[in-house]
Amino acid sequence: MTTTRAAIAPAMSHPAETDSKPPLTEELEHAGLPGYGDEVIMKSPFEELGFRKTLVVFRKATLMSLLAAFSASADGYQIAMTGSIIANKGFIKTYGTAHDSSGNLILDANVLAAWGGLQSLGQGLGMLSMHFVADRFGRKVAFFSLWLALLGGVCCESFGRIWQTWLVAKLLSGYGVGSVQFLTSTYITEIVPSRARGFLLLFYSIWYAVGQLFASAALKILANNQPYNYLDLIYTEWAMLGIMLGVYFFIPESPWWCANHDKDERGRAIVARLNGGIEGYNVDFHYEIIKRTVERERAISKALHGESLGFWQDVWATREIFMGVNGFRTLVAFMPAAVQQISGLAVLSNYSSYFAHVAGFADPFLFSLLLAICAIIVTVLQALTTDLVGRRTLFLGSVVVTWVVLLIVGGMGLIPNKSAALNKLVVFFALVWRMSSTATGNLGWSYVAETGSSRLRAKTAGFSAAGGVCVGVLFSTTVPYMLNANYANWGLKTCFFFAGISFPLCVASFFVMPDTSKRTPAELDEMFEKKIRPWRFRAYVTDAQRALQAERERTGETDAAQLQNNMVGKA
């Protein structure tokens, strides 16, 4: 078996951002911990393959990640369906408890607020708790657990006939949706090479948008043909649950989880299943890179917290994700979700049909359908450009566009007696808003999955995503009152509110958000630990890159497999 040194090499000197090393780095060097001082964790030569070749060479891992991402379609379907079904006449007839000024039965704003709040609460609970299951029992066990929550939610939606049953449904479905959101992106990050990671992570968002599109299309068809039928749409969720269950049985466990739990034989077997058929690919060498990264991070945890004494100490040690370098990594993972939520996501997501009605758009279901199509278009474009342009550039661009559009739409709300042409212009800018907001959210899931260290990845992802949901809870419960004619009746002027409160975070993003594109976990560890400025991440040359280049120059070898073999032999 390849020894541990197959994954390490002498550290290379390089220009530092500061004259002195971070205190923690010095402490760990003196302690002789793995990956510090004279040795650096190597970067696989296969990480240097081009984007297209990476997808072809790592086709098995690519397929597994695409299958795992499919669960997002159920996520998007659930969110879009429950958000837009409130405009269905049959749904209103069943669950309506209030009347408008004309005496027509409507859904009470308090009920809508309770539903939206409980769904967001469920999402937050899933994100705050499911990472414990994922870390202790494995990613697959966590997938099956969230599936059971989704099953409970669909049961309540299918068989309940009073608005209180939808409170339970919202809580359970929110729990499942919140869990699948951060866990799927975490899982994809752990099984695919970094060169294709950005592209494949965005497939979660593509599937999510496809699920929303199907839900919007189904709602539109029912509204035209069977306006009082809403149950058929809910029943279709059973088919999606069945497909999800099959996917979760088929995909393998994460090799990173195996390495963290010293299940090394199983971890090697999983790496072999994912990539063992690649010509020249050395399974032992690549698993040792994972193991070395895990050992180094485990040593850091021991230095900070001592030996683990069991589950409750591990729970207490979770505070580590809010401290020092890991605290900054959590902030980076949290920022996109916070910016998206505070830029009015609830208006065009949870209450899209409601917003369309307030905006004077005649067909709210068609509006929801257009929103879903726009989301798919922008996500596909992002998937194709995220590694080429970089996460930071795309994120900051989407933030600026969103903020400007908020001002434009809000300004249109000041115009009295809007014409049909102006209403169409409102809809156009609402679609632009949705595209830029979707771009922000898509990149948010990439940051959630990539930013945390491998040892704390699930925890960082769960807590940062939950932080975004906490912001969402506030607006899910207050947006109905902002839009409703019987309460604030702000209408389009609601956008001014979101433009004002989002401005500080939009500015802060320029100083907080790094570019994590095409970086291995060990490289990201290095850059965060050395406190490289976020705007310099993309151009920074890591120790692993320098060591790999030195080996390439020493041997004159350019073929990834041969270079890998030379590195193994050197050990």
Side-chain angles (χ1 to χ4, degrees), residues 72 75-76 79-80 83-84 116 120 123 181 202 204-206 208-213 216 334-356 358-359 367-383 385-386 391-410 412 426-448 465 467-469 471-472 474-476 479 482-483 492 494-509 513:
D75 180 2
I79 293 294
S84 298
S120 295
Q123 285 180 273
Q181 283 176 331
L202 283 174
Y204 176 91
S205 298
I206 291 175
Y208 182 92
V210 168
Q212 289 187 311
L213 177 63
S216 299
F334 165 72
M335 278 289 286
V339 170
Q340 187 190 31
Q341 291 283 2
I342 211 168
S343 298
L345 175 64
V347 179
L348 281 180
S349 180
N350 295 1
Y351 302 99
S352 58
S353 297
Y354 209 5
F355 177 82
V358 172
F367 180 71
S368 297
L369 189 61
L370 289 173
L371 290 177
I373 293 173
C374 287
I376 293 175
I377 292 173
V378 73
T379 305
V380 171
L381 291 176
Q382 271 188 297
T385 58
T386 182
R391 313 271 199 275
R392 173 181 165 87
T393 300
L394 288 177
F395 177 78
L396 295 179
S398 66
V399 167
V400 170
V401 172
T402 300
W403 192 81
V404 171
V405 170
L406 284 172
L407 290 181
I408 294 174
V409 175
M412 291 179 177
V426 169
V427 171
F428 168 76
F429 279 108
L431 295 177
V432 175
W433 178 13
R434 178 53 178 265
M435 294 178 75
S436 60
S437 179
T438 297
T440 302
N442 291 345
L443 292 168
W445 290 117
S446 294
Y447 279 111
V448 161
V469 169
V471 180
L474 173 63
F475 297 120
S476 294
V479 163
M482 298 179 192
L483 297 175
L492 299 181
T494 303
C495 295
F496 282 141
F497 169 78
F498 285 108
I501 64 173
S502 65
F503 181 74
L505 276 186
C506 292
V507 174
S509 297
M513 302 306 297

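Keep in mind that what you see is a predicted model, and the values were worked out from it rather than measured. Atoms considered below: every heavy atom in the structure, side chains included; atoms not considered: hydrogens, waters and symmetry mates.
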Open item on the list: Run Leu406 and Ser502 through side-chain contact (heavy atoms from CB on, under 4.5 Å) and show every step you take.
Closed with: CA-CA 10 Å; Leu406 284 172; Ser502 65; 4.3 Å; yes

Task: side-chain contact (heavy atoms from CB on, under 4.5 Å) between Ser509 and Val339, intermediate numbers included - done: CA-CA 9 Å; Ser509 297; Val339 170; 3.7 Å; yes

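Taking the side chain as every heavy atom from C-beta outward, Ser205 and Thr438 never approach each other to under 4.5 Å. With a 4.5 Å cut-off on side-chain heavy atoms, Phe475 and Ile342 count as touching. Contact check for Phe498 versus Phe503: no side-chain heavy atoms found under the 4.5 Å cut-off. Between Thr494 and Val479 there is no side-chain heavy-atom pair separated by less than 4.5 Å.
Counting only residues at least two apart or on different chains, the side chain to side chain donor-acceptor pair (under 3.5 Å) pairs with a member in residues 392-401 are Ser398-Thr440.
Rounding to the nearest 0.5 Å gives a distance of 5.5 Å between CG of Leu443 and OG1 of Thr386. Within the model, atoms CE of Met513 and CE of Met335 stand 6.5 Å from one another, a figure rounded to the nearest 0.5 Å. Taken from OG in Ser343 to CD1 in Ile501, the straight-line distance is 8.0 Å, to the nearest 0.5 Å. Here the CZ-SG distance, from Arg434 to Cys374, works out to 8.5 Å after rounding to the nearest 0.5 Å. Atoms OH and CD1, on Tyr204 and Ile206 in that order, are 13.0 Å from each other to the nearest 0.5 Å.
A search for side-chain contact (heavy atoms from CB on, under 4.5 Å) contacts involving Ser437 returns Gln340, Leu345, Trp433, not counting sequence neighbours. Partners of Leu381 according to the side-chain contact (heavy atoms from CB on, under 4.5 Å) rule, which considers only residues two or more places apart in sequence or in another chain, are Ile377.
The residue from Val399, Leu407, Val400 that alone fulfils the side chain to side chain contact (heavy atoms under 4.5 Å, CB included) condition with Trp403 is Leu407.
Between Tyr447 and Phe395, the ring planes are perpendicular. Angles over 60° get that label, and only those under 30° would be called parallel.
Between Ser446 and Arg391, the closest heavy-atom pair is CB-NE, 4.1 Å.
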